[in-house]
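Just so we're clear, the structure is a prediction, and the values are computed from it rather than from any experiment. One is the number of the first residue; the rest follow in order along the sequence.
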Amino acid sequence: MISSVRLKPLSWHPYIAPVELSDATPEQLDAMKVTPSSKKVSEYVRTLVHDPESYVARTVLFNAIMYVEGGLGRPDRELGALGASIVNGCKFCAVVHARRHAELTNSDGVVTALYLDRPEELGPRDAAIYSFARRLSAAPSLAREEDIASLRSVGMDDIEIIDLIHAISIFGWANRLMHVLGYAEGGK
């Protein structure tokens with residue numbers, strides 16, 4: 001049985017040489033200050049910071065979507081990100097968000113069900129979020145009014161639904177950046 005606890009982190013390897021901290025410009029060093037304080041300045045960050053202005057814009061938006069207080073709970077944002085990352089084939093992000101969801105919920109049941117391809121084992125709220133994340137990620141035009149009704153039926157209000165759309169959508173972008181700028185290896 002696959003357990004999120006046993007999902008080992010993957011390594012991400014850039015195709016473009018990351019900015020070395022010792023060689024970074026003042027603008028690049030300043031840009032890296034918007035990285036969430038709980039995160040290290042990774043090779044991914046140092047790759048993106050070649051363009052400090054776009055890095056800051058991207059990271060401020062990312063932080064506002066994924067780490068903001070209020071609205072949709074973090075576990076649900078992580079589940080949306082996980083669903084998007086699975087559809088987009090981004091194994092690196094899928095593992096990161098699977099592990100984070102399990103940590104936040106103190107349970108690996110949802111992640112295990114998804115990695116075993118058993119979405120029918122999800123509770124109603126998780127199933128609605130995961131289904132919506134998959135549909136929105138596969139093709140935005142597939143997301144319909146019925147999806148919003150399904151999310152409302154499991155207790156989500158409009159603010160939470162908008163937060164979920166943001167979390168899923170930013171991973172359409174984030175997954176594409178990761179794929180184009182490098183590759184992941186390792187894991188299970």
Side-chain angles (χ1 to χ4, degrees), residues 1-12 34-40 42 44-45 58-138 140 143 147-148 150-152 154-179 184 186-188:
M1 174 179 256
I2 297 174
S3 168
S4 62
V5 174
R6 293 186 332 183
L7 283 177
K8 295 180 184 171
L10 300 177
S11 298
W12 184 79
V34 300
T35 302
S37 61
S38 64
K39 307 287 181 220
K40 65 178 185 166
S42 66
Y44 181 61
V45 166
R58 170 246 176 241
T59 305
V60 167
L61 178 61
F62 185 90
N63 293 347
I65 290 170
M66 293 304 291
Y67 303 122
V68 68
E69 295 293 324
L72 187 66
R74 277 288 304 284
D76 292 340
R77 292 172 199 260
E78 297 296 340
L79 182 55
L82 172 58
S85 298
I86 288 171
V87 168
N88 294 328
C90 188
K91 293 177 183 174
F92 184 88
C93 289
V95 168
V96 166
H97 297 286
R99 292 170 59 88
R100 191 149 308 135
H101 182 275
E103 290 167 6
L104 291 168
T105 61
N106 293 315
S107 171
D108 63 1
V110 168
V111 172
T112 298
L114 296 179
Y115 273 83
L116 292 176
D117 197 24
R118 295 182 189 160
E120 69 277 3
E121 294 179 5
L122 300 178
R125 184 177 177 97
D126 292 333
I129 290 169
Y130 183 68
S131 174
F132 183 64
R134 291 189 61 85
R135 289 172 65 100
L136 185 58
S137 298
D147 294 303
I148 302 301
S150 177
L151 295 170
R152 283 193 179 117
V154 295
M156 292 178 72
D157 63 28
D158 290 346
I159 297 297
E160 290 173 312
I161 292 168
I162 290 169
D163 286 348
L164 179 61
I165 292 168
H166 285 151
I168 295 165
S169 298
I170 201 157
F171 274 87
W173 180 25
N175 296 155
R176 282 158 182 78
L177 282 172
M178 298 234 37
H179 283 295
K188 302 179 195 173

Looking only at heavy atoms, what is the nearest atom pair of [X] and [Y], with distance?
X: A143; Y: L136; answer: CB-CD1, 4.1 Å
X: A81; Y: M66; answer: CB-CE, 4.2 Å
X: S137; Y: I168; answer: OG-CG2, 3.5 Å
X: A113; Y: L122; answer: CB-CD2, 4.0 Å
X: G83; Y: Y130; answer: CA-CE1, 3.7 Å
X: G186; Y: L10; answer: O-CD2, 2.9 Å

Counterpart residues, side chain to side chain donor-acceptor pair (under 3.5 Å), relative to [X] (two or more places apart):
X: Y44; value: none
X: D158; value: R152
X: D126; value: none

Result block: side-chain N/O donor-acceptor pairs under 3.5 angstrom for residues 88-98, not counting sequence neighbours:
{"unit_1": "N88", "atom_1": "ND2", "unit_2": "A84", "atom_2": "O", "d": "3.0"}
{"unit_1": "N88", "atom_1": "ND2", "unit_2": "N175", "atom_2": "OD1", "d": "2.8"}
{"unit_1": "H97", "atom_1": "ND1", "unit_2": "E78", "atom_2": "OE1", "d": "2.3"}

[X] [atom1] to [Y] [atom2] distance, which is reported to the nearest 0.5 Å:
X: I65; Y: W173; atom1: CD1; atom2: CH2; result: 8.5 Å
X: N63; Y: T59; atom1: CG; atom2: OG1; result: 6.5 Å
X: R118; Y: T112; atom1: CZ; atom2: OG1; result: 9.5 Å
X: F171; Y: I86; atom1: CZ; atom2: CD1; result: 12.5 Å
X: I162; Y: D157; atom1: CD1; atom2: CG; result: 9.0 Å

(request) Quick one: which residue pairs count as a salt bridge (charged side-chain N to carboxylate O under 4.0 Å, His left out) with a foot in residues 163-173, not counting sequence neighbours? (result) R77-D163
Are the side chains of [Y] and [X] in contact, using a 4.5 Å heavy-atom criterion?
X: L151; Y: D147; value: no
X: F132; Y: I165; value: yes
X: D108; Y: Y115; value: no

(message) Using only atom types and a distance under 3.5 Å, with no angle test, would you say the side chain of S131 pairs donor to acceptor with the backbone of A127?
(response) no
(message) Could you walk me through whether V110 and L79 satisfy the side-chain contact (heavy atoms from CB on, under 4.5 Å) test, starting with their C-alpha distance in whole Å, then the side-chain angles of each, then the deciding distance to 0.1 Å, before giving a yes or no?
(response) CA-CA 9 Å; V110 168; L79 182 55; 3.9 Å; yes
(request) Can you sort out the partners of R125 under side chain to side chain contact (heavy atoms under 4.5 Å, CB included), two or more places apart, ordered by chain and number? (result) L72, D76, I129, V154, M156, E160
(message) Is it true that, when you exclude I159 itself, more than 12 heavy atoms of the residues, nucleotides or ligands shown sit nearer than 6.0 Å to its CD1?
(response)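 No, because the 6.0 Å sphere around CD1 of I159 holds 12 heavy atoms or fewer from other groups.
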